[in-house]
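I have placed the structure first, in the form of structure tokens, so that the comments after it can refer back to it.
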Amino acid sequence: MADPSPVRYYKPAAEFKLDITDVKNFVYDMSRCIKCKGCTWVDHTYMPGPKFMTRCPSAAKYEFDAYGAYGKMRIGHAMAEGRLGWNETALEVLYACTLCGACDVGCKRNLDLEVGLSLEALRVKAVQDGVGPLPAHKRIAESIAQKHNLYGAPSEKRTEWLPQGITPAQKAEVLYFAGCTASYVNREIAQSTAKILQAAGTAFMLMPDEWCCGNTVFSVGLFDEAKALAQRNIDQVRQTGVKTLLTSCAECYRMWKVDYPKVLNISTADLGFQVIHLVEYVDEKMKSGVLKMKKPLETRLTYHDSCGLARLSDPWTPYEGKRGWMGCVEPRLTRRRGNQEIYAKPRDILKAIPGVNLVEMPRTRENAFCCGAGRGVREAFPDFAEWAASHRLDEVKEIGAETLVSSCPWCKNNFAQAAKAGAADVQVLDISEVICASIEG
Ligand code: SF4
Ligand code: SF4
């Protein structure tokens, strides 16, 4: 006769770890999706109306269930169990997704499923299975391998952004990691950041030989390439002996703070240096009286939470444990729900600028709608990227804002291009530019 004791049902049975190199670690999560669509709709309690209630750019653009996280989870579950193979459509469904994390925070209000990690593990599986990434992504990986930057630009021109009159220190406690986009495309962001550091009296150095952070290669599933970049970049920074690495790019910030530790199976605290974004630095300098916002900016302004600085920036801690009945885990797992980080600081800075009338969009903070540029989307699906930015700009227009500010060159570029193409008559700025203009007043 079978043992009637309930104990056996509670006994943890399956070992698992938060390791995206084996999609089987996420079969439980993918199989337990109940299709409630909390990953697609913003909770109604936060919504003033039905107009901007979707949180998933992919589901909203393609209007087909497969493109939502719940669709990808069902497809991934079947693939992980060998019941479904790859084809062109499956690859499009997987990669036409900005890995923005909106689904993950939505699901974690319901079931605490690891949606974001499941999606990352599926991209790693696509590469392991020899079908991913997409051709546009492979071109970027080649550029990084050859020139150490996303754009295939000459590596010796990487520091040409440096403004006249600012010379980085040979050795300092703070290292500014400008990243590829601010180095080559949006030099105004790197220049503003350097001027802010100088104005606050902070000596800063650059990496002796800065390479791409590897955001795109990591995001499209090229795990080994991302791991090699992570190890190389971390070693270089450790050798400098700096205490703080500062970024002005939300995607670089997420890579250094969260995804480098993830690929190397260490904790964020084990990096050996602190990773901060410019807004954290300025917030501290402003509140301690070192920096003052002086010059007014008379505008009705709204702030866009860049995914990498917001819901995706909770620090990383490796986890290995066992999963038992009803999915209970041992030891206890601290879930990353996107609620630990940087929502108030950029808003406090913007509100301190005389003349700024800060107004919020309906979807804000962890519910913000992604700009559509990141994680390999702009390169492989430019129409989708432009559509997502235009949809977000509709929200900006809805609240009557004249200026849109974000904390990431990817967001700035994508919004600016959509605005230029006619989506909205809105001024698009990075927060570094706004701060720099106000302190120089
Ligand atoms: S919120 Fe979670 S459980 Fe609900 S449909 Fe989305 S992935 Fe599935
Ligand atoms: S990561 Fe973003 S785009 Fe991708 S399924 Fe989730 S909410 Fe949609």
Side-chain angles (χ1 to χ4, degrees), residues 20 26-44 46 52-78 80 90-124 126 215 218-221 250-251 254 258-259 304-308 310-314 326-327 335-338 363 365-378 380-381 383-389 391-392 410-411 414:
I20 61 170
F26 303 98
V27 166
Y28 173 86
D29 297 84
M30 294 190 288
S31 69
R32 287 299 184 273
C33 166
I34 56 171
K35 320 294 177 289
C36 66
K37 298 196 179 179
C39 50
T40 306
W41 307 111
V42 178
D43 321 39
H44 66 275
Y46 294 93
F52 299 107
M53 58 193 295
T54 175
R55 67 167 83 241
C56 172
S58 185
K61 159 76 174 150
Y62 293 96
E63 297 182 320
F64 196 71
D65 274 0
Y67 290 83
Y70 50 95
K72 296 181 180 73
M73 298 278 270
R74 178 167 267 193
I75 291 168
H77 180 206
L91 278 174
E92 179 180 297
V93 165
L94 183 64
Y95 282 107
C97 157
T98 55
L99 293 181
C100 67
C103 49
D104 196 75
V105 297
C107 187
K108 285 197 169 69
R109 297 210 180 107
N110 292 349
L111 295 190
D112 258 341
L113 299 181
E114 295 296 345
V115 183
L117 294 176
S118 300
L119 300 182
E120 287 179 357
L122 281 167
R123 292 191 181 190
V124 175
N215 168 42
F218 170 75
S219 299
V220 300
E251 296 290 82
R254 194 206 74 247
V258 183
D259 292 325
H304 167 82
D305 294 277
S306 307
C307 308
R311 58 189 165 229
L312 293 177
S313 68
D314 286 0
M326 292 288 281
R335 299 287 181 175
R336 300 171 65 254
R337 300 193 176 100
R363 291 169 297 188
R365 300 176 185 247
E366 72 269 32
N367 294 322
F369 192 80
C370 173
C371 78
R375 317 300 294 270
V377 164
R378 183 148 193 101
F381 303 96
D383 293 351
F384 171 31
E386 187 178 333
W387 176 88
H391 178 67
R392 186 64 160 160
W410 293 75
C411 300
N414 211 35

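Every number for a ligand or one of its atoms is a count from 1 in the order of the listing. FYI, side chains are in, hydrogens and waters are out, and symmetry mates aren't considered; it's all heavy atoms of this structure.
Regarding atom 1 (S) of ligand 1, its nearest protein heavy-atom neighbour is C39 N, 3.2 Å. The protein heavy-atom contact nearest to atom 5 (S) of ligand 2 is K72 NZ, 3.6 Å. Of the protein's non-hydrogen atoms, the one nearest atom 8 (Fe) of ligand 1 is C33 SG, 2.3 Å. In terms of protein heavy-atom proximity, atom 2 (Fe) of ligand 1 is closest to C107 SG, 2.4 Å.
Within the listing of ligand 1, atoms 3 (S) sit less than 4.0 angstrom from a heavy atom of L111. Close contacts between ligand 1 and K35 involve ligand atoms 5 (S), 8 (Fe) [criterion: under 4.0 Å to a heavy atom]. Residue Y70 has at least one heavy-atom neighbour below 4.0 Å for each of these atoms of ligand 1: 5 (S). Distances below 4.0 Å separate heavy atoms of C36 from the following atoms of ligand 1: 1 (S), 3 (S), 4 (Fe), 5 (S). Within ligand 1, counting atoms from 1 as listed, the ones closer than 4.0 Å to a heavy atom of I34 are 3 (S), 8 (Fe).
A donor-acceptor pair under 3.5 Å links the side-chain atoms of R55 to the main chain of G38, judged by distance alone. The closest donor-acceptor contact from the side chain of D259 to the backbone of N215 lies at 3.5 Å or more, if one exists at all.
Separation of atoms CG (D29) and CG (L119) is listed at 10.5 Å; rounding is to 0.5 Å.
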For this session: Start with the C-alpha gap between E114 and Y28, add the side-chain angles, then the distance that decides, and say whether side-chain hydrogen bond (donor to acceptor under 3.5 Å, both in side chains) holds.
Result: CA-CA 9 Å; E114 295 296 345; Y28 173 86; over 6 Å; no
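A salt bridge links E366 to R109: at least one charged side-chain nitrogen sits closer than 4.0 Å to a carboxylate oxygen. The residues R254 and E251 are annotated as salt-bridged, a charged nitrogen and a carboxylate oxygen being separated by less than 4.0 angstrom.
At a cut-off of 2.8 Å, C103 does not coordinate atom 6 (Fe) of ligand 1 through any N, O or S atom.
When all heavy atoms of D112 and R335 are compared, the pair lying nearest together is O-NH1, 3.2 Å.
Residue-level proximity to ligand 2 for L99 is carried by the backbone, the only part with a heavy atom below 4.0 angstrom.
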